[in-house]
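Atoms within a ligand are numbered from 1 in the order they appear, just like the ligands themselves. Heads up: numbering here begins at 1 and tracks the sequence.
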Amino acid sequence: MSRPQLFHPHERIPREGYWIHLMRREQLDQVLDLEARAFEHPWSPELVARELEQDHSMILVISSEDRVAGFVIAWLVVDELHILNVAVDPSLRRRGLARLLLGELLDRAQRCGMSLATLEVRVSNEAAIRLYEGLGFRTIGLRRRYYADGEDALVMQRTF
Ligand SMILES: CC(C)(COP(=O)(O)OP(=O)(O)OC[C@H]1O[C@@H](n2cnc3c(N)ncnc32)[C@H](O)[C@@H]1OP(=O)(O)O)[C@@H](O)C(=O)NCCC(=O)NCCS
């Protein structure tokens, strides 16, 4: 299957003093560093790097002066957007950066004719659940013991 293109590889979208764009190779270390700082159970560097090789996978970042402030990893499968991972630098939280980044991704997905966005989130992750609800996601189910440590996941979905 050919790679679905929501964003052009060289496109940089200006938003409130930041840029939103596809991650460049040289930003991988910053994304890995942020992943390690943002999560108690971070993805391994190999797992993140592997996403770059997948045709259906994209890493979109929000950055300022080449510093990665946040990122989202998403899969595009036919007309579905699946959000796998979102993180914002701990020192830059609660300034609307995740909302800006995901809002841009969802707007673009809608304009490109996708019909659905889905994600899983830890039941304990109140910040992320509020964020997703604010972006129009609704809980449609529960996956028991979805995470390696045994925690359940909420399944959330937004239609376009
Ligand atoms: C979840 C996360 C990405 C939010 O990033 P952020 O840039 O701080 O979020 P925003 O500033 O865009 O917040 C948007 C909305 O989300 C909700 N929200 C964000 N952080 C919140 C918190 N700590 N408590 C409650 N609600 C929160 C609020 O509704 C907020 O709107 P408001 O500030 O107008 O009230 C960030 O906390 C993070 O990186 N957490 C660790 C990684 C993670 O858990 N990722 C999600 C699972 S994949």
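Within the 4.0 Å cut-off (strictly below), no protein heavy atom is located near atom 2 (C) of ligand 1.
Contacts between N125 and ligand 1 below 4.0 angstrom, taking non-hydrogen atoms only, involve the side chain exclusively.
Note on L22: it clusters hydrophobically with V86, by side-chain heavy-atom contacts below 4.5 Å among ILVMFWY residues. In the hydrophobic clustering of this structure, V155 does not group with F160; members are Ile, Leu, Val, Met, Phe, Trp, Tyr whose side-chain heavy atoms approach within less than 4.5 Å, directly or through other members.
For atom 9 (O) of ligand 1, the nearest non-hydrogen atom of the protein is A98 CB, 3.6 Å. Closest to atom 13 (O) of ligand 1 among all protein heavy atoms lies L131 CD1, 4.3 Å. What sits closest to atom 24 (N) of ligand 1 on the protein, heavy atoms only, is R94 NH1, 3.6 Å. Nearest to atom 23 (N) of ligand 1 among the protein's heavy atoms is A127 CB, 3.6 Å.
Set against the non-hydrogen atoms of Y132, the atoms of ligand 1 under 4.0 Å away are 46 (C), 47 (C), 48 (S). The R95 neighbourhood of ligand 1 comprises atoms 11 (O), with distances under 4.0 Å to a heavy atom of that residue.
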- Test side-chain contact (heavy atoms from CB on, under 4.5 Å) applied to I129 and L154, step by step: CA-CA 9 Å; I129 293 167; L154 295 184; 3.7 Å; yes
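At least one N or O atom of G96, backbone or side chain, sits closer than 3.5 Å to an N or O atom of ligand 1.
Put simply, the side chain of E120 never gets that close to the backbone of M156: no donor and acceptor are under 3.5 Å apart.
W75 and H82 have tilted rings, their planes meeting at an angle from 30° to 60° on a 0 to 90° scale.
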